[in-house]
Amino acid sequence: MKIIERNNFMKWNTIDFGKYRYDGCLIAHIAFKDPEYFNWCLSAGVFKGSSLSQAHIANHNLRNLRLPANLRDTHCVQMLYDWVGKLTDVRVVEVALLPATPAHNEVRSDTLNMVFKTDGVGRKLIRKALKDHWLGGKALTKARLETLLAEPVAPTSLH
């Protein structure tokens, strides 16, 4: 494993096995980029030692990305599903504008889960929400991913 350090953040290991062996991807980047593969690696015991610890940290933090500071007190993440449970939209909305009780097809939270299983359309919706509200419209880079992961948070659902 090659170890990379940027700024004062954690030293993230790069993947040196499997289909991302030669990409120089960080463990956290794989969790975001390909959550199904990451979850398989985690459950199959592929990660060992410090890489296992990092995989658990990335898994927890990417499942619980807090809203940016300027939105935390007034907004929530709203995830909408169709009648078969397929993710159809991800929004960051002002809580005051929402009905008190969530609809049967929505989930509200103060965090965004980047690692849960969904189809390609759902993954694009989640990435667009991340880009628009967490990254200010900029692309996700390794440095920006490390910044997102620098502040762990425990999950707390609004409803």
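Side-chain atoms are counted along with the backbone in the values below, which use heavy atoms only and exclude waters and symmetry mates. A quick note: this is a predicted structure, and the numbers were derived from the prediction, not measured.
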Restricting to non-hydrogen atoms, name the atom on I30 and the atom on C25 that form the minimum distance, rounded to 0.1 Å.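 Nearest heavy atoms, I30 then C25: CD1-CB, 3.4 Å.
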Which heavy atom in R91 sits nearest to a heavy atom in D89, and how many Å separate them?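 Heavy-atom minimum between the residues: NE-OD2, 2.7 Å.
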Taking the inter-plane angle between the rings of F47 and F17 on a 0 to 90° scale, is it parallel (under 30°), tilted (30 to 60°) or perpendicular (over 60°)?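 Perpendicular.
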For L67, is there any backbone N or O sitting under 3.5 Å from a side-chain donor or acceptor partner on R72?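 A pair under 3.5 Å: yes.
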Is a side-chain donor or acceptor of T88 paired with a backbone partner of L80 at a separation under 3.5 angstrom?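 Looks like yes, one N/O pair under 3.5 Å.
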Should V46 and F38 be regarded as members of a common hydrophobic cluster, given that ILVMFWY residues are connected when their side-chain heavy atoms come within less than 4.5 Å of each other, either directly or indirectly?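 Yes, same cluster.
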Using the rule that two of Ile, Leu, Val, Met, Phe, Trp, Tyr join whenever any of their side-chain heavy atoms come within less than 4.5 Å, decide whether L125 and V107 are in one cluster.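 In one cluster: yes.
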Show your working on side chain to side chain contact (heavy atoms under 4.5 Å, CB included) between I126 and M79 and close with a plain yes or no. CA-CA 9 Å; I126 293 168; M79 301 181 92; 4.3 Å; yes
Please determine whether the number of non-hydrogen atoms from other residues, nucleotides or ligands lying under 6.0 Å from atom CG of D73 exceeds 12.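 Counting other residues, nucleotides and ligands, CG of D73 stays at 12 neighbours or fewer.
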Apply side chain to side chain contact (heavy atoms under 4.5 Å, CB included) to residues V93 and V77 and explain how you reach the verdict. CA-CA 6 Å; V93 294; V77 176; over 6 Å; no
State the CG-NE2 distance between L98 and H75, to the nearest 0.5 angstrom.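 One finds 9.5 Å between CG of L98 and NE2 of H75.
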Would E36 and R123 count as a side chain to side chain contact (heavy atoms under 4.5 Å, CB included) here? Give the steps. CA-CA 11 Å; E36 287 77 20; R123 178 93 23 241; 3.8 Å; yes
Taking only distance into account, with no hydrogens and no angle test, what donor-acceptor pairs under 3.5 Å do side-chain atoms of residues 133-140 form with protein atoms, sequence neighbours excluded?
from : atom 1 : to  : atom 2 : distance (Å)
W134 : NE1    : R66 : O      : 2.6

Could you list the residues that satisfy salt bridge (charged side-chain N to carboxylate O under 4.0 Å, His left out) with R127, not counting sequence neighbours?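 R127 satisfies salt bridge (charged side-chain N to carboxylate O under 4.0 Å, His left out) with no residue once adjacent residues are dropped.
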